[in-house]
Engineer: 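Can you read through this structure? Questions will come right after.
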Amino acid sequence: MNTSTGREWGNGTEKAEDFKILSIKPEQWIKAIKASGATGVILTCKHHDGFCLWNTGTTDFNVMKSPFAEDIVKLVSDECKRQGVGFGIYLSPWDMHEKTYATEQYNDFFCRQLTELLTGYGDIFEVWFDGAKGADAKAFEYDWERYYKIIRSLQPDANIAICGPDIRWVGNEAGEARESEYCVVPELLTKAETVEKNSQQSEQEAKKLQKITSSDEDLGSRKVLEKNAFLCWYPAEVDVSIRDGWFASDENASSIKNAKKLFKIYLNSVGNNSFLLLNVPPNDRGVISKKETKVLKKLGEMIGEITANPIIEKRFGELKETDGYIEFRFAAPTKLKYCVLKEDIRKGQRVEKFELFILKPNGKYKRVYKGSVIGMQKIIEIGDNAQGALLIIRQSRGTPNLELVGFYE
């Protein structure tokens, strides 16, 4: 609806006939997104205005009552299956349109909507909730535990993200992860009301969030964890839009980020022990723009180039207690571009401090990186000539378990 009306947030007065988009091309959407290297798509099935993109029995404020009159959720989920991409859903708990909002009946209403989406569209890999509310929204507590129970029952393999217990919000919408982004954090962070309280509370605040970084926040160091009796596995998801705003409009068409900028965000998120949610909005002509399609393709190529030319790839498993450092020798001096490190996170996140040195052709070592966490993945840019490398693990919570150490030219 926001794409049709040219708004970033609705105002609660929209009608189904205001959705004037008459054609969409999900095949083009998924093809363009897949080219970026993405493995899943999360569709905004209902935003804050309350307009539903599926054939729902809960309200007449839905796409079937619009001039388009087709189930967009089905069209997109079917296309994801055809192209081998995971399908997920975003369902806004805040609903400007629904008259039962802020009453106990609304929880019933919302659960019926959630059930429809979880039973009519195949496997769902992620359910994405936020706690955003307008400044004038009525005070209301969502029945999060009831929502979670429905998801666990109907889609037990689905991750519940942001206002949920499985994947946490990184804390901004600028594509910024912390310097030390831990997966093991205090259990208190899983409390949805905490996330909700800190979520955007107005359209103006949504814009402000894009300027906020949280690099000075500490969620998982020993200093923090020693003060908390209960810990949990709660990895971060970094979210950012390819353009200013989350919906396509003529006003933000000139703000599309280039591939170089998105690649930097990728290295700072996926390459820094986090997941990346990149928002890509189709326009009011029902397609992802040519410019964004080209940017996504270039991004995918840049990501693929990271590991395209391996020099050494080793899978160590659990190290010995005496393996504080690991030396590598290359077959010949080479221009070393990247180092990729991965822990076996099935055994937990253990490494807390490490350093990476390269062996220069003159026989001297040069430190190229000093960091803390590795976790799911750490991608280190190098861009220097080397004939070998030295990985030193300075501190670890138990013996490190390295799934991969890779060097690439």
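For the single chain, residues carry numbers from 1 onward in sequence order.
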Engineer: Assess whether a salt bridge exists between Lys31 and Glu79, defined as any Lys/Arg side-chain N lying under 4.0 Å from an Asp/Glu carboxylate O.
Structural biologist: no

Engineer: Would you mind reporting whether Tyr90 and Leu43 have side-chain heavy atoms less than 4.5 Å apart?
Structural biologist: no

Engineer: For Asp71 and Val73, indicate whether the former's side chain and the latter's backbone hold a donor-acceptor pair under 3.5 Å.
Structural biologist: yes

Engineer: State, to 0.1 Å, how close Leu154 and Pro156 come at their nearest heavy-atom pair, and which atoms those are.
Structural biologist: C-CD, 3.6 Å

Engineer: Side chains of Val170 and Glu237, heavy atoms from C-beta outward: is any pair under 4.5 Å?
Structural biologist: no

Engineer: Please check this pair: side chain of Gln83 against backbone of Cys80, looking for a donor-acceptor N/O pair closer than 3.5 Å.
Structural biologist: no

Engineer: Should Thr100 and Phe109 count as side-chain neighbours, where that means a heavy-atom distance under 4.5 Å?
Structural biologist: yes

Engineer: Check whether more than 12 heavy atoms from other residues, nucleotides or ligands sit under 6.0 Å from atom CD of Glu313, and answer yes or no.
Structural biologist: yes

Engineer: Distance check, rounded to the nearest 0.5 Å: Leu188 atom CG versus Leu219 atom CG?
Structural biologist: 11.0 Å

Engineer: Do Ser4 and Asp284 come close enough that some side-chain heavy atom pair is under 4.5 Å?
Structural biologist: no

Engineer: With heavy-atom distances below 4.5 Å as the criterion, would you say the side chains of Leu341 and Leu404 are in contact?
Structural biologist: no

Engineer: Any sub-3.5 Å donor-acceptor pair from Gln105's side-chain atoms to Thr103's backbone N or O?
Structural biologist: no

Engineer: How about Tyr142 and Trp94: are their ring centres within less than 6.0 Å of each other?
Structural biologist: no

Engineer: In terms of heavy-atom contacts, does CG of Asn228 have more than 12 from other residues, nucleotides or ligands at under 6.0 Å?
Structural biologist: yes

Engineer: Does the pair Glu8 and Trp246 meet the rule for a side chain to side chain donor-acceptor pair (under 3.5 Å), with working shown?
Structural biologist: CA-CA 7 Å; Glu8 186 61 20; Trp246 291 80; 4.8 Å; no

Engineer: Can you check whether Phe140's main-chain N or O pairs, donor with acceptor, with Lys133's side chain at less than 3.5 Å?
Structural biologist: yes

Engineer: Treating Asn252 as the side-chain partner and Ser249 as the backbone partner, does any N or O pair qualify as donor plus acceptor under 3.5 Å?
Structural biologist: yes

Engineer: For the atom pair CG (Asp239) and CG (Leu277), what is the distance rounded to the nearest 0.5 Å?
Structural biologist: 6.0 Å

Engineer: Report yes if the side chains of Asn273 and Gln377 come closer than 4.5 Å at any heavy-atom pair, otherwise no.
Structural biologist: no

Engineer: For Ile33 and Val85, run side-chain contact (heavy atoms from CB on, under 4.5 Å): C-alpha distance rounded to whole Å, both residues' side-chain angles, the deciding distance at 0.1 Å, then the answer.
Structural biologist: CA-CA 10 Å; Ile33 292 166; Val85 172; over 6 Å; no

Engineer: To the nearest 0.5 Å, how far apart are CD in Glu327 and CG in Leu391?
Structural biologist: 11.0 Å

Engineer: In terms of side-chain geometry, is the basic nitrogen of Lys366 or Asp384 positioned less than 4.0 Å from the acidic oxygen of its partner?
Structural biologist: yes

Engineer: If I compare all heavy atoms of Trp144 with all of Cys163, which pair ends up nearest, and what's the gap?
Structural biologist: CH2-CB, 3.4 Å

Engineer: Is it the case that more than 12 heavy atoms not belonging to Lys264 sit under 6.0 Å from its NZ atom?
Structural biologist: no

Engineer: Once you round to the nearest 0.5 Å, how far does NZ of Lys342 lie from CD1 of Ile379?
Structural biologist: 8.0 Å

Engineer: For Lys337, is there an ion pair with Glu381 - N to carboxylate O distance below 4.0 angstrom?
Structural biologist: no

Engineer: For this output row, return yes or no: ring centroids of Phe354 and Tyr369 closer than 6.0 angstrom.
Structural biologist: yes

Engineer: Evaluate the criterion side-chain contact (heavy atoms from CB on, under 4.5 Å) for residue pair Ile265 and Val270; output intermediate values, then yes/no.
Structural biologist: CA-CA 8 Å; Ile265 291 172; Val270 178; over 6 Å; no

Engineer: How about Tyr325: does its OH atom have over 12 heavy atoms from other parts shown lying under 6.0 Å from it?
Structural biologist: no

Engineer: Would you name the heavy atoms of Ser274 and Val238 that are closest together and state the gap between them?
Structural biologist: CB-CG2, 3.9 Å

Engineer: Aromatic contact between Phe87 and Tyr121, with the criterion being ring centroids under 6.0 Å apart: yes or no?
Structural biologist: no

Engineer: Would you say the side-chain atoms of Asp157 pair up with the backbone N or O of Phe125, donor to acceptor, closer than 3.5 Å?
Structural biologist: no

Engineer: Take Lys65 and Glu17, measure what salt bridge (Lys or Arg N to Asp or Glu O under 4.0 Å) needs, and give me the verdict at the end.
Structural biologist: CA-CA 7 Å; Lys65 304 296 183 181; Glu17 52 265 32; over 6 Å; no

Engineer: Any ion pair linking Glu301 and Lys297 (charged N to carboxylate O, less than 4.0 Å)?
Structural biologist: yes

Engineer: Report the relative orientation of the aromatic rings in Phe263 and Tyr338; use parallel for angles under 30°, tilted for 30 to 60°, perpendicular for over 60°.
Structural biologist: perpendicular

Engineer: In Å and rounded to the nearest 0.5 Å, what is the CG to OH distance from Asn107 to Tyr101?
Structural biologist: 9.5 Å

Engineer: Whether Glu355 and Arg367 form a salt bridge (side-chain N of Lys/Arg under 4.0 Å from carboxylate O of Asp/Glu) is what I want to check.
Structural biologist: yes

Engineer: Can you tell whether the side chains of Arg152 and Asp166 come within less than 4.0 Å, N to carboxylate O?
Structural biologist: yes

Engineer: Assess the residue pair Arg222 and Glu352 against the criterion (salt bridge (Lys or Arg N to Asp or Glu O under 4.0 Å)); give the C-alpha distance rounded to whole Å, side-chain angles, the decisive distance to 0.1 Å, and a yes or no.
Structural biologist: CA-CA 9 Å; Arg222 295 188 185 203; Glu352 293 178 302; 2.6 Å; yes

Engineer: Determine whether more than 12 heavy atoms belonging to other residues, nucleotides or ligands lie under 6.0 Å from atom CZ of Arg346.
Structural biologist: no

Engineer: Do the ring planes of Tyr106 and Phe110 sit parallel (below 30°), tilted (30 to 60°) or perpendicular (above 60°)?
Structural biologist: tilted

Engineer: Would you please say whether a donor-acceptor pair under 3.5 Å links the side chains of His47 and Ser92?
Structural biologist: no

Engineer: Just so I know, are the side chains of Cys111 and Arg146 near enough to count as touching, which here means a heavy-atom distance under 4.5 Å?
Structural biologist: yes

Engineer: Take atom CD in Glu226; do more than 12 heavy atoms of anything else shown fall under 6.0 Å from it?
Structural biologist: yes

Engineer: Using only atom types and a distance under 3.5 Å, with no angle test, would you say the side chain of Thr334 pairs donor to acceptor with the backbone of Leu336?
Structural biologist: no

Engineer: Using every non-hydrogen atom in the two residues, find where Val287 and Lys25 come nearest and quote the distance to one decimal.
Structural biologist: CG1-CD, 3.8 Å

Engineer: Between Glu292 and Arg243, does at least one N-O distance fall below 4.0 Å, as a salt bridge requires?
Structural biologist: yes

Engineer: As an exercise, state the distance from NZ of Lys353 to NZ of Lys370, rounded to the nearest 0.5 Å.
Structural biologist: 7.5 Å

Engineer: Does the Arg168 side chain pair with the main chain of Tyr234, one donor and one acceptor, at a distance under 3.5 Å?
Structural biologist: yes

Engineer: Treating Trp29 as the side-chain partner and Gly286 as the backbone partner, does any N or O pair qualify as donor plus acceptor under 3.5 Å?
Structural biologist: yes

Engineer: Any idea how Phe61 and His97 line up, ring-wise: parallel (<30°), tilted (30 to 60°), or perpendicular (>60°)?
Structural biologist: parallel

Engineer: Does any part of the side chain of Leu114, heavy atoms only, come nearer than 4.5 Å to the side chain of Tyr147, both counted from C-beta?
Structural biologist: yes

Engineer: Between Asp95 and Lys46, is there a side-chain N and carboxylate O pair less than 4.0 Å apart?
Structural biologist: yes

Engineer: Nearest heavy-atom pair of Leu53 and Thr44: which atoms, and what distance?
Structural biologist: CD1-O, 3.3 Å

Engineer: Pick from Glu403, Glu318, Glu343: which one makes a salt bridge (charged side-chain N to carboxylate O under 4.0 Å, His left out) with Arg350?
Structural biologist: Glu318

Engineer: Is a salt bridge present between Asp143 and Lys149, judged by a nitrogen-to-oxygen distance below 4.0 Å?
Structural biologist: no

Engineer: Do the ring planes of Phe328 and Phe316 sit parallel (below 30°), tilted (30 to 60°) or perpendicular (above 60°)?
Structural biologist: perpendicular

Engineer: To check you understand the geometry: which heavy-atom pair defines the closest contact between Ala259 and Leu299, and what is its length?
Structural biologist: CB-N, 4.0 Å

